[in-house]
S.K.: 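Okay, here's the structure, questions in a sec.
Index from 1, following the sequence. None of these values were measured; they are calculated from a predicted model.
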Amino acid sequence: MKTLKLIFTLTALVFLLQGCKVKYSFSGADIGDAKTFQVSTFVNNAPVVEPRLSFDFTLALQDILLNQTSLGITDTGGDLIYEGEITQYYIAPITATADNTAAENRLTMSVNVRFINTLEPEKDFEERFSFYFDFPGSSQPVGSQLDVALEAIFERITQDIFNKSLANW
């Protein structure tokens, strides 16, 4: 009798969930009826230009969408469109030593994002996302240290964009 009750409950639950209109992925993304997305190149409009920043950030945003949704990527005509520009990229001291030199520096990056949902325009938004990476004042973020810094910044900003556009957070 317990087995029959369990089977009935599970069957009812499956039918109930199939009837829901909102589609979710395993990451919790609400993609609705969207099938594709496009990410336009995020141009670097910051006063300080890091040559690869625009290309690498655009790829990082594409990667998170590919990895956390079932959406396909397209160059034009996407159901979900991400576009914008890098507005800030700078290094500033955050703590000083007794000798008036930087004990610690902070690399900060900000991105202005326009999200367009062609299927549900009420979900469109334009918002600024920003994050930073701290490093010792005695070094500069170049080479592998810059790679580590950008990876941390990209990971946070792209996850914030993902959450705002698809996770309904």
S.K.: Hey, could you give me each pair passing side-chain hydrogen bond (donor to acceptor under 3.5 Å, both in side chains) that has a residue in residues 37-62? Not counting sequence neighbours.
M.R.: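 Sorted pair list: Arg52-Asp147.
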S.K.: Quick one: closest heavy-atom pair of Phe133 and Ala149, and the distance?
M.R.: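 Looking at all heavy atoms of both residues, the shortest contact is CD2-CB, 3.4 Å.
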S.K.: Is the shortest side-chain heavy-atom distance between Leu166 and Gln68 below 4.5 Å?
M.R.: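 No, every pair of side-chain atoms sits at 4.5 Å or beyond.
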S.K.: Tell me whether Phe162 shares a hydrophobic cluster with Leu59, the cluster being built from Ile, Leu, Val, Met, Phe, Trp, Tyr side chains joined at under 4.5 Å.
M.R.: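 No, Phe162 does not connect to Leu59 through the hydrophobic network.
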S.K.: Are more than 12 heavy atoms, taken from residues, nucleotides or ligands other than Asn67, located less than 6.0 Å from that residue's CG atom?
M.R.: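 Yes, because the 6.0 Å sphere around CG of Asn67 holds more than 12 heavy atoms from other groups.
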S.K.: Within this structure, what is the NZ-CD1 distance for the pair Lys123 and Ile116, rounded to the nearest 0.5 Å?
M.R.: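 Lys123 atom NZ to Ile116 atom CD1 measures 15.5 Å (nearest 0.5 Å).
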S.K.: Going only through I, L, V, M, F, W and Y residues with side-chain contacts under 4.5 Å, is there a path from Ile157 to Val43?
M.R.: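 No: no chain of side-chain contacts under 4.5 Å links Ile157 to Val43.
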S.K.: Establish, for the pair Lys164 and Phe129, whether the NZ or CZ atom is under 6.0 angstrom from the six-membered ring centre and no further than 45 degrees off its axis.
M.R.: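 No cation-pi geometry.
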S.K.: Within a 6.0 Å radius of atom CD on Glu155, are there more than 12 heavy atoms belonging to other residues, nucleotides or ligands?
M.R.: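 Not more than 12 within 6.0 Å, no.
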S.K.: Are Val39 and Leu119 in one and the same hydrophobic cluster, where Ile, Leu, Val, Met, Phe, Trp and Tyr link if side-chain heavy atoms are under 4.5 Å apart?
M.R.: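 No: no chain of side-chain contacts under 4.5 Å links Val39 to Leu119.
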S.K.: Transitively linked via ILVMFWY side-chain contacts under 4.5 Å: Phe55 with Leu146?
M.R.: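 Looking at the clustering, Leu146 is in a separate group from Phe55.
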S.K.: Testing Thr108, Asp134, Asn105 for side-chain contact (heavy atoms from CB on, under 4.5 Å) with Ile94, which one passes?
M.R.: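 Filter result, single survivor: Asp134.
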S.K.: Please name the pair of heavy atoms, one in Asn117 and one in Glu120, separated by the smallest distance, quoted to 0.1 Å.
M.R.: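 It is OD1-N, 2.9 Å.
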S.K.: With ring pair (Phe, Tyr, Trp, His ring centres under 6.0 Å) as the rule and sequence neighbours excluded, what pairs involving residues 57-94 come up?
M.R.: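 Pairs touching residues 57-94 that pass the test: Phe42-Phe57, Phe57-Phe154, Tyr82-Phe115.
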S.K.: Checking side-chain contact (heavy atoms from CB on, under 4.5 Å) between Leu71 and each of Leu65, Leu80, Leu66, which is the one that passes?
M.R.: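 Looking at Leu65, Leu80, Leu66, the match for Leu71 under the side-chain contact (heavy atoms from CB on, under 4.5 Å) is Leu80.
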S.K.: Could you list the residues that satisfy salt bridge (charged side-chain N to carboxylate O under 4.0 Å, His left out) with Asp63, not counting sequence neighbours?
M.R.: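 Applying salt bridge (charged side-chain N to carboxylate O under 4.0 Å, His left out) to Asp63 gives none.
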S.K.: Which atoms form the tightest heavy-atom contact between Val49 and Ala46, and what is the distance?
M.R.: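 Where Val49 meets Ala46 most closely, the heavy atoms are CG2-O, 3.8 Å.
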S.K.: Rounded to the nearest 0.5 Å, what's the gap from CZ on Phe135 to CZ on Arg106? Could you check?
M.R.: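 Rounded to the nearest 0.5 Å, the CZ-CZ separation comes to 10.5 Å.
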S.K.: Please determine if Glu85 and Arg128 form a salt bridge, counting it only when a charged side-chain N lies under 4.0 Å from a carboxylate O.
M.R.: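 No, no charged N to carboxylate O under 4.0 Å.
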S.K.: What are the two closest heavy atoms between Thr87 and Pro47, and how far apart are they?
M.R.: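 Scanning both residues completely, I find the closest heavy atoms to be O-CD, 4.1 Å.
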S.K.: Take atom OH of Tyr132 as the centre, draw a 6.0 Å sphere, and report whether it contains more than 12 heavy atoms from other residues, nucleotides or ligands.
M.R.: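 Incorrect, the count does not exceed 12.
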S.K.: Any idea which heavy atoms bring Ile64 and Leu61 closest together, and the distance?
M.R.: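 It is CG2-O, 3.2 Å.
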S.K.: Which value, rounded to the nearest 0.5 Å, describes the distance between Lys35 atom NZ and Thr69 atom OG1?
M.R.: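 If we round to the nearest 0.5 Å, Lys35:NZ and Thr69:OG1 are 12.0 Å apart.
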S.K.: Distance from Asp79 atom CG to Thr118 atom OG1, nearest 0.5 Å?
M.R.: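 Those atoms lie 4.5 Å apart.
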S.K.: Considering non-hydrogen atoms only, spot the tightest contact between Met109 and Ile153 and give its length.
M.R.: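 Heavy-atom minimum between the residues: CB-CG2, 3.8 Å.
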S.K.: Nearest 0.5 Å, what's the OG-CG distance between Ser130 and Asn112?
M.R.: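 Result: 11.5 Å between the selected atoms.
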